[in-house]
Each structure stands twice: as structure tokens, then as C-alpha cells.
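Computed from a prediction, not measured in an experiment: that's the story for all the values here. Residues take their numbers from the sequence shown, with the count starting at 1.
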Amino acid sequence: MQVERFIFKNFIYLGLLMMLAVSVVAQTKSSQQTPPLAPASPESVGMSSERLQRIDQMCREAVANDDLPGIVALVARKGKVVFHEAYGMSDVESNQKMRKESIFRIASQTKAITATAVMILWEEGKFQLDDPISKYIPEFEDPQLLVTFNESDSSYKTAPADKEITIRHLLTHTSGIGYGFIDEDLRFTKLYHKAGIVDAWTTEPITIEQNIKKLAKLPLHHNPGEKFTYSEGLDVLGYFIEVMSGMAFDEFLRKRLFDPLGMDDTWFYLANSKAKRLVAIHHQQDGKWMKFSDERFNLDYPIEGANTFFSGGAGLSSTAEDYAAFLQMYLNGGEYNGKRILSRTTVEAILGNHTGSLFWEIPNKYYGIAFGVVTEQGEASGGIGSVGTFDWGGYFNTQYFADPEEQTIGILMKQTQGPVNDQTGWKFRLLVGQAIDD
């Protein structure tokens with residue numbers, strides 16, 4: 001009896017510890033109670049219905065002129081969706097129409113989500129942004145620079161970098177890590193291919209731990225913090241999140257971000273019930289839209305294969321509505337539907353200038369943490385939003401922006417590769433701004 005009582009007491013004690021652990025990491029409630037995004041008339045939030053129709057006209061013309069096979073456009077202001085329409089085809093070959101709930105491969109729009117997850121853990125005091133990543137992933141200790149490269153066999157020589165790679169370097173593309181198949185320096189494209197690095201997605205049974213530990217052994221473009229080089233740093237941080245949280249990366253995003261924000265259509269891999277909503281990637285061939293294929297990777301990765309690789313830099317698929325909820329959380333200062341994802345002070349830090357003048361020498365923007373951010377000069381140039389407007393896009397021709405001053409969100413979802421006569425990206429942003437009527 002005493003043994004049974006001892007086991008029972010310890011079982012209760014263990015259960016309390018587990019409940020306490022869950023309560024520590026669970027999403028916290030907020031005193032702010034901003035409702036979830038919902039449709040409303042444009043005039044109710046200071047926008048012109050008549051002027052929003054210029055977006056409708058632009059999208060219709062782009063499809064009618066064969067500039068694009070299909071589009072989903074969404075505009076929100078002050079927490080209300082005032083425009084959300086679908087145009088054209090989601091799959092030309094199978095004659096499937098685009099729908100507002102169509103699912104798109106968002107590629108590099110994944111980066112802001114991964115960065116947000118990193119900052120969720122940062123808020124819990126688990127690390128400092130200027131900690132070396134080698135403190136948590138030892139394989140990155142003593143990084144090396146590429147000095148010489150032999151084109152014939154991809155052999156190379158290195159020299160020590162002058163400092164360790166930090167978490168901030170990885171968040172801001174200043175680590176010196178390359179980007180394989182889209183790298184501007186073809187030496188790194190060859191190096192990554194020879195080493196078997198997965199640059200963004202795969203259907204093979206590979207994990208991000210395996211991939212990142214191989215990546216850690218390869219040389220850098222330059223000393224950490226020296227330049228802005230678009231990189232796989234956010235993929236490294238996907239694995240870092242697993243190390244720090246003790247959870248699979250996809251599980252962490254689901255529990256700490258997607259479920260609290262109601263993002264039920266945002267996944268690395270789609271269930272069968274959602275797969276039929278995935279938009280085909282198109283390219284133009286002999287003046288016709290055809291399904292795009294690439295021998296470097298299987299573009300059906302969201303619905304085929306081993307489903308084990310969670311790319312923090314490019315692996316997610318989502319809808320315009322889901323991504324709008326994510327952006328609205330930022331416009332709300334880190335809160336959404338009564339749930340506190342990030343503090344307002346953390347959001348302000350994320351949108352701060354973390355790269356100085358290193359950001360691709362673009363005068364109208366600086367780079368924060370996983371966002372490009374409009375400067376005063378950018379606002380004055382016209383058509384890209386107010387100071388502090390943050391944005392990015394994806395490899396398959398998706399774009400978004402959010403303007404904190406005007407409380408507007410614009411999302412344009414498309415799925416194309418290769419040369420296209422697509423003018424919708426810059427026009428859409430301008431047209432959202434000109435529809436403000438208050």
C-alpha cells in the first residue's frame with residue numbers, strides 16, 4: 001500500500017510539473033482584445049469602394065492579357081477585409097478556376113514566420129540575439145571563408161573568418177552563408193550541390209538537422225556582419241528552434257503561431273483534404289501557360305514525398321487570408337484575437353534597422369528582421385507606403401506589405417516562374433494607397 005501511495009503521489013507531482021511546463025510555454029492572453037479579421041465595407045474603415053475597383057480592373061486585365069494565369073488579391077484596413085477576390089485559373093491544364101481560398105507555395109514569405117518564432121523564444125529569455133549560433137549548434141564553430149575554388153572538381157581552400165556567426169546575423173542575411181540554387185556566386189551553387197545541401201524543399205526523407213549540420217561545414221561568402229547576402233540563415237534558425245524548444249519545427253509553429261492566429265491553411269505539407277486547393281506553378285511556353293517543372297527539385301513537395309523537411313526559409317504553403325492574419329498580428333503590436341504572440345516592444349525591435357546601409361544598397365528601404373522596411377526617402381518616392389511599411393515576397397511570385405501608419409495590408413498571390421509580363425506587383429501597392437479615403 002505504501003508503495004502504491006508513493007507511486008500515486010509521484011504521478012500527481014509529475015503531472016503538475018507537466019502542466020506547469022505547458023503553462024509556461026502556452027500562448028498568453030492579452031488585455032488587448034482585437035477581433036480577428038472579418039469582412040466589412042470599405043467606407044466603414046476609410047477606403048473608397050470605387051477606387052478599390054481599380055485593383056479589380058488591374059487583375060482582370062492581367063489575366064485577360066495573358067500576363068498571368070491567375071491571381072488572388074486581398075486588402076485589409078483597420079482589421080477589416082475590404083477587398084478579397086480571385087481571378088483566372090489555378091491550373092490551366094486541368095481547367096481549375098482560382099478561388100479565394102486557393103493555397104499557394106509562399107516560399108520566402110516563410111522567412112518572416114520563422115523569424116517570428118525565433119523572437120517568441122527570445123522573449124522567453126532563452127538566448128541573446130548576438131549569441132554565436134555555435135553555442136547551440138556546435139557544428140558552426142570556427143567558420144571559414146572561401147579563398148580559392150577549383151571549377152573542374154569544386155575543390156576549395158579556406159581561411160578562418162574574423163568572428164563567429166550570431167543569431168542576429170542569421171536573421172538579417174549578414175552571416176555570409178550562401179543560397180545554393182539562387183546564389184549569385186555560382187561557386188556556392190556548385191559547392192552546395194556537391195555537398196548535397198537542400199536549399200528550400202524536397203520530397204526526400206531528409207531532416208533539417210541533417211541538412212543544417214552539413215551546411216555548417218561549408219565556407220562563407222564573407223566575414224559575418226560584413227555584407228548583406230541573401231542566404232539560408234532562416235533555414236538554420238528552423239533547426240535552432242527545434243534545439244531550443246525541444247519540439248519539431250512544424251509542431252512549434254502550429255502550437256505557438258498558427259493555431260493561435262487561426263492559420264489552418266498554412267502548412268509545410270498539405271493533407272489530402274487541402275491538396276486539391278494547391279495552385280499549380282505556371283510558366284509561359286510558346287505564348288501559352290504551361291505547368292512548370294524543374295529538374296533541381298520536385299515542385300509537388302507540399303503534397304508528395306517523405307514530408308520530413310521543414311524549410312524555415314521557403315517551405316510553407318498558405319492562403320491570402322491566413323497570411324493576412326499573420327500580418328494583422330504585427331499591425332496590432334503583437335496581439336491577435338486576445339492572444340499575445342509578441343510584445344509591442346519586440347515588434348518595434350523586429351522592425352528596426354538591423355543592417356544599416358548593407359541592405360542591397362536600396363535607398364528606399366532598410367532591412368529589419370526578415371522584413372524590408374520603408375524609410376522616409378521611400379515614402380517620399382511614392383507608391384510604396386508610409387515610413388515603417390514592411391514587406392517581402394516569394395520565389396513563385398507572391399508579394400505582401402503592411403503599413404502600420406495607415407493600418408493597411410496588401411497581399412497578392414500568384415504562382416509563376418520564369419519571365420512574365422507581370423506589372424501587378426508595383427501597381428497593386430500603389431492602388432491600395434490611392435484607395436484610402438479618410
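- Side-chain atoms of Thr189 come within 3.5 Å of backbone atoms of Gly180 as a donor-acceptor pair (strictly under, hydrogens ignored).
- Ring-centre distance between Phe181 and Phe297: below the 6.0 Å cut-off.
- Using a distance-only test at 3.5 Å, with no hydrogens or angles considered, no donor-acceptor pair links the side chain of Glu379 to the main chain of Glu376.
- Side-chain contact of Gln96 with Lys276: a donor-acceptor pair under 3.5 Å is absent, judged by distance alone.
- Contact annotation: the side chain of Asp403 never approaches that of Val432 to less than 4.5 Å [non-hydrogen atoms, C-beta and beyond].
- Residues satisfying the side-chain hydrogen bond (donor to acceptor under 3.5 Å, both in side chains) criterion with Arg340, sequence neighbours excluded, are Ser30, Gln32.
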Evaluate Ser231 against Thr229 for side-chain hydrogen bond (donor to acceptor under 3.5 Å, both in side chains), listing each step before the verdict.
CA-CA 6 Å; Ser231 77; Thr229 299; over 6 Å; no

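- Counting only N and O atoms by type, the side chains of Glu43 and Ser48 include no donor and acceptor under 3.5 Å apart.
- No donor-acceptor distance shorter than 3.5 angstrom exists from the side chain of Arg187 to the backbone of Ser154, with no hydrogens or angles considered.
- Using a distance-only test at 3.5 Å, with no hydrogens or angles considered, a donor-acceptor pair links the side chain of Lys214 to the main chain of Gly196.
- Within the model, atoms CG of Leu191 and CG of Leu186 stand 11.0 Å from one another, a figure rounded to the nearest 0.5 Å.
- Classification of Asp264 and Lys274 as a salt-bridged pair holds, one side-chain N sitting under 4.0 Å from a carboxylate O.
- Centroid-to-centroid, the aromatic rings of Phe228 and Phe359 come within less than 6.0 Å.
- A salt bridge does not link Asp437 with Arg51: every distance from a Lys NZ or Arg NE/NH1/NH2 to an Asp or Glu carboxylate oxygen is 4.0 Å or more.
- Checked by atom type, the side-chain pair Ser134/Glu141 shows no donor-acceptor distance below 3.5 Å.
- Taken from OG1 in Thr266 to CG in Leu253, the straight-line distance is 10.0 Å, to the nearest 0.5 Å.
- Between the side chains of Asp199 and His193, not a single donor N or O lies within less than 3.5 Å of an accepting N or O.
- The closest side-chain heavy-atom distance from Phe428 to Gln399 is not below 4.5 Å.
- By the 30° and 60° cut-offs, the orientation of the rings of Phe371 relative to Tyr400 is perpendicular.
- Side-chain contact, Tyr87 with Asp56: a donor N or O sits under 3.5 Å from an acceptor N or O.
- Between Glu335 and Lys339 there is no salt bridge, since no side-chain nitrogen of the basic residue lies less than 4.0 Å from a carboxylate oxygen of the acidic one.
- Sequence neighbours left out, not one pair with a member in residues 232-248 passes salt bridge (charged side-chain N to carboxylate O under 4.0 Å, His left out).
- Looking only at side-chain heavy atoms (C-beta outward), Ile369 and Leu171 come within less than 4.5 Å of each other.
- The closest side-chain donor-acceptor pair between Ser386 and Thr389, if any, does not fall under 3.5 angstrom.
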From CA spacing to verdict: side-chain contact (heavy atoms from CB on, under 4.5 Å), Thr202, Thr308:
CA-CA 9 Å; Thr202 184; Thr308 59; over 6 Å; no

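- At least one side-chain heavy atom of Tyr230 sits under 4.5 Å from a side-chain heavy atom of Lys111.
- Because its NZ or CZ atom is both nearer than 6.0 Å to the ring centre of Trp267 and within 45° of the ring axis, Arg254 counts as a cation-pi partner of that residue.
- In this structure, a donor-acceptor pair under 3.5 Å is present between the side chains of Asp131 and Tyr136.
- Residues Pro219 and Tyr156 have side chains in contact (heavy-atom distance under 4.5 Å, counting atoms from C-beta outward).
- Counting non-hydrogen atoms of neighbouring residues, nucleotides and ligands closer than 6.0 angstrom, the CD atom of Glu184 reaches no more than 12 such neighbours.
- Atom OG of Ser317 and atom CD1 of Ile303 lie 9.5 Å apart (nearest 0.5 Å).
- The aromatic ring centroids of Phe249 and Tyr239 lie 6.0 Å or more from each other.
- Not a single donor-acceptor pair under 3.5 Å links the side chain of Thr203 to the backbone N or O of Gly305.
- Applying the salt bridge (charged side-chain N to carboxylate O under 4.0 Å, His left out) test to pairs two or more places apart or on separate chains, those with a residue in residues 167-177 are Asp130-Arg168.
- A 4.5 Å side-chain heavy-atom check between Asp265 and Arg277 finds at least one atom pair inside the cut-off.
- Interatomic distance, Asp250 CG to Asn307 CG, rounded to the nearest 0.5 Å: 10.0 Å.
- Inter-residue side-chain proximity for Leu145 and Thr158 is flagged as unmet; no heavy-atom pair is nearer than 4.5 Å.
- Separating the CD atom in Glu321 from the CD atom in Glu101 is a distance of 9.0 Å, to the nearest 0.5 Å.
- Residues forming a side-chain hydrogen bond (donor to acceptor under 3.5 Å, both in side chains) with Ser357 (at least two apart in sequence, or on another chain): none.
- Thr110 places a side-chain N or O within 3.5 Å of a backbone atom of Leu316 that can act as its donor or acceptor partner.
- Among residue pairs with one or both ends in residues 296-308, those qualifying as salt bridge (charged side-chain N to carboxylate O under 4.0 Å, His left out) are Asp294-Arg296; sequence neighbours excluded.
- Between the side chains of Tyr330 and Thr116, a donor-acceptor pair is found at a separation under 3.5 Å.
- Here the side chains of Ile103 and Val279 are not in contact, with every heavy-atom distance at 4.5 Å or above.
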Residues 72-86, side-chain donor-acceptor partners within the protein, below 3.5 Å, at least two apart:
| unit_1 | atom_1 | unit_2 | atom_2 | d |
| --- | --- | --- | --- | --- |
| Arg77 | NE | Glu406 | O | 2.9 |
| Arg77 | NH1 | Val45 | O | 3.0 |
| Arg77 | NH1 | Gly46 | O | 3.1 |
| Arg77 | NH1 | Asp438 | OD2 | 2.6 |
| Arg77 | NH2 | Glu406 | OE1 | 2.7 |
| Arg77 | NH2 | Asp438 | OD2 | 3.2 |

